[in-house]
Amino acid sequence: QENLVESGGGSVQAGGSLRLSCAASYDTTDSLCMGWFRQAAGREREPIARIDSDGTTNYANSVKGRFTISKDNAENTLYLQMNSPKPEDTARYFCAAAEGAEAFPGEKYICIGENNYWGQGTHVTVSS
């Protein structure tokens with residue numbers, strides 16, 4: 001069974017930095033993509049970053065230039081480096097892995113496919 005486990009969440013001051021990790025229990029090398037989503041209180045889950053199997057990365061405008069997604073294929077671990085976070089980045093962050101055909105072929109920062117796997121999330125609080 002495919003499992004994804006996030007870690008690294010916590011509290012950070014605005015302008016600081018934080019790195020989230022997502023450990024996969026299986027080989028994700030051939031996944032369509034892996035991505036990060038977040039869900040703030042009272043809001044819907046939103047995609048923020050994606051990395052394809054060839055290493056191509058894409059970001060939502062809200063995090064572009066501040067957050068960096070990366071992946072260690074040898075360790076089957078996904079990362080999200082959060083630099084200069086803002087209070088509005090406060091949310092629960094989820095990693096995801098997708099397989100099969102693209103669900104949103106026109107939106108390259110969204111990692112959703114025919115089959116999708118999710119972690120339980122890790123919470124990030126950014127204080128001003």
Side-chain angles (χ1 to χ4, degrees):
Q1 183 175 354
E2 291 81 358
N3 288 314
L4 300 173
V5 180
E6 301 93 338
S7 62
S11 297
V12 61
Q13 284 197 323
S17 64
L18 197 67
R19 188 176 80 159
L20 307 183
S21 301
C22 171
S25 64
Y26 65 105
D27 185 354
T28 60
T29 304
D30 294 329
S31 295
L32 169 68
C33 57
M34 293 192 75
W36 287 97
F37 292 69
R38 68 185 181 186
Q39 187 168 16
R43 302 186 66 176
E44 294 187 353
R45 190 174 301 188
E46 62 172 350
I48 58 170
R50 162 177 167 159
I51 185 166
D52 293 344
S53 57
D54 65 359
T56 301
T57 58
N58 284 282
Y59 301 89
N61 287 335
S62 58
V63 305
K64 193 177 296 182
R66 300 185 299 120
F67 293 4
T68 301
I69 187 172
S70 62
K71 185 183 174 191
D72 184 332
N73 286 322
E75 298 293 331
N76 290 316
T77 301
L78 181 73
Y79 299 99
L80 184 70
Q81 179 67 42
M82 304 172 62
N83 293 333
S84 300
K86 305 173 182 179
E88 52 263 44
D89 294 320
T90 294
R92 189 166 189 84
Y93 286 71
F94 300 86
C95 70
E99 297 177 352
E102 292 266 14
F104 300 94
E107 301 290 347
K108 286 301 184 183
Y109 67 98
I110 300 176
C111 181
I112 297 288
E114 288 183 272
N115 299 306
N116 302 287
Y117 308 102
W118 296 89
Q120 294 299 307
T122 185
H123 195 80
V124 173
T125 300
V126 184
S127 57
S128 57

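Position 1 is the first residue of the sequence, and the numbers go up from there.
Contact record, Asn116 with Ala98: OD1-CB, 3.5 Å, taken as the closest heavy-atom pair. Between Leu18 and Gly10 the shortest heavy-atom distance is CD2-N, 4.3 Å. When all heavy atoms of Cys111 and Ala96 are compared, the pair lying nearest together is SG-O, 4.4 Å. Closest approach of Ser31 to Ala97, counting heavy atoms only: OG-CB, 4.4 Å. Across all non-hydrogen atoms, the minimal contact from Pro87 to Ala14 is CD-CB, 4.1 Å.
Put simply, Leu78 and Phe37 are part of two different groups of oily side chains (I, L, V, M, F, W, Y) that touch within less than 4.5 Å, one to the next. Note on Phe67 and Tyr79: separate hydrophobic clusters, where clusters join Ile, Leu, Val, Met, Phe, Trp and Tyr whose side-chain heavy atoms are under 4.5 Å apart, directly or indirectly. Hydrophobic clustering (ILVMFWY, side-chain heavy atoms < 4.5 Å, transitive): Leu4 and Trp118 are in distinct clusters. Linking ILVMFWY side-chain heavy atoms closer than 4.5 Å, directly or via other members, places Tyr117 and Leu32 in two distinct hydrophobic clusters. Both Phe94 and Tyr109 sit in one connected hydrophobic cluster of ILVMFWY residues. Membership requires side-chain heavy atoms under 4.5 Å apart, directly or through other members.
Under the 4.0 Å criterion applied to side-chain N and carboxylate O atoms, Arg38 and Asp89 are assigned as salt-bridge partners. Using a 4.0 Å cut-off between a side-chain N of Lys or Arg and a carboxylate O of Asp or Glu, Glu102 and Arg50 qualify as a salt bridge.
Heavy-atom neighbours of Glu46 CD from other residues, nucleotides or ligands within 6.0 Å: above the threshold of 12. Residue Glu88 places its CD atom among more than 12 non-hydrogen atoms of other residues, nucleotides or ligands, all under 6.0 Å distant.
To the nearest 0.5 angstrom, Ser11 atom OG is 8.0 Å from His123 atom NE2. Taken from CG in Asp72 to OG1 in Thr77, the straight-line distance is 6.0 Å, to the nearest 0.5 Å. If you take CH2 on Trp36 and OH on Tyr59, they are separated by 12.0 Å, rounding to the nearest 0.5 Å. Annotation: the span from Cys22 atom SG to Lys71 atom NZ amounts to 10.0 Å, rounded to 0.5 Å. Taking CG from Asn73 and CD1 from Ile51, the interatomic distance works out to 7.5 Å, rounded to the nearest 0.5 Å. Here the straight-line distance linking atom CD of Gln81 with atom CD1 of Ile69 works out to 12.5 Å at 0.5 Å rounding.
Between the side chain of Asp54 and the backbone N or O of Thr56, at least one donor-acceptor pair lies under 3.5 Å. Remark: side-chain polar atoms of Glu114 are paired, donor with acceptor, to backbone N or O of Ala101 under 3.5 angstrom. Between the side chain of Glu6 and the backbone N or O of Leu20, no donor-acceptor pair lies under 3.5 Å.
Within the 4.5 Å cutoff, the side chain of Leu80 has heavy atoms near those of the Ile48 side chain.
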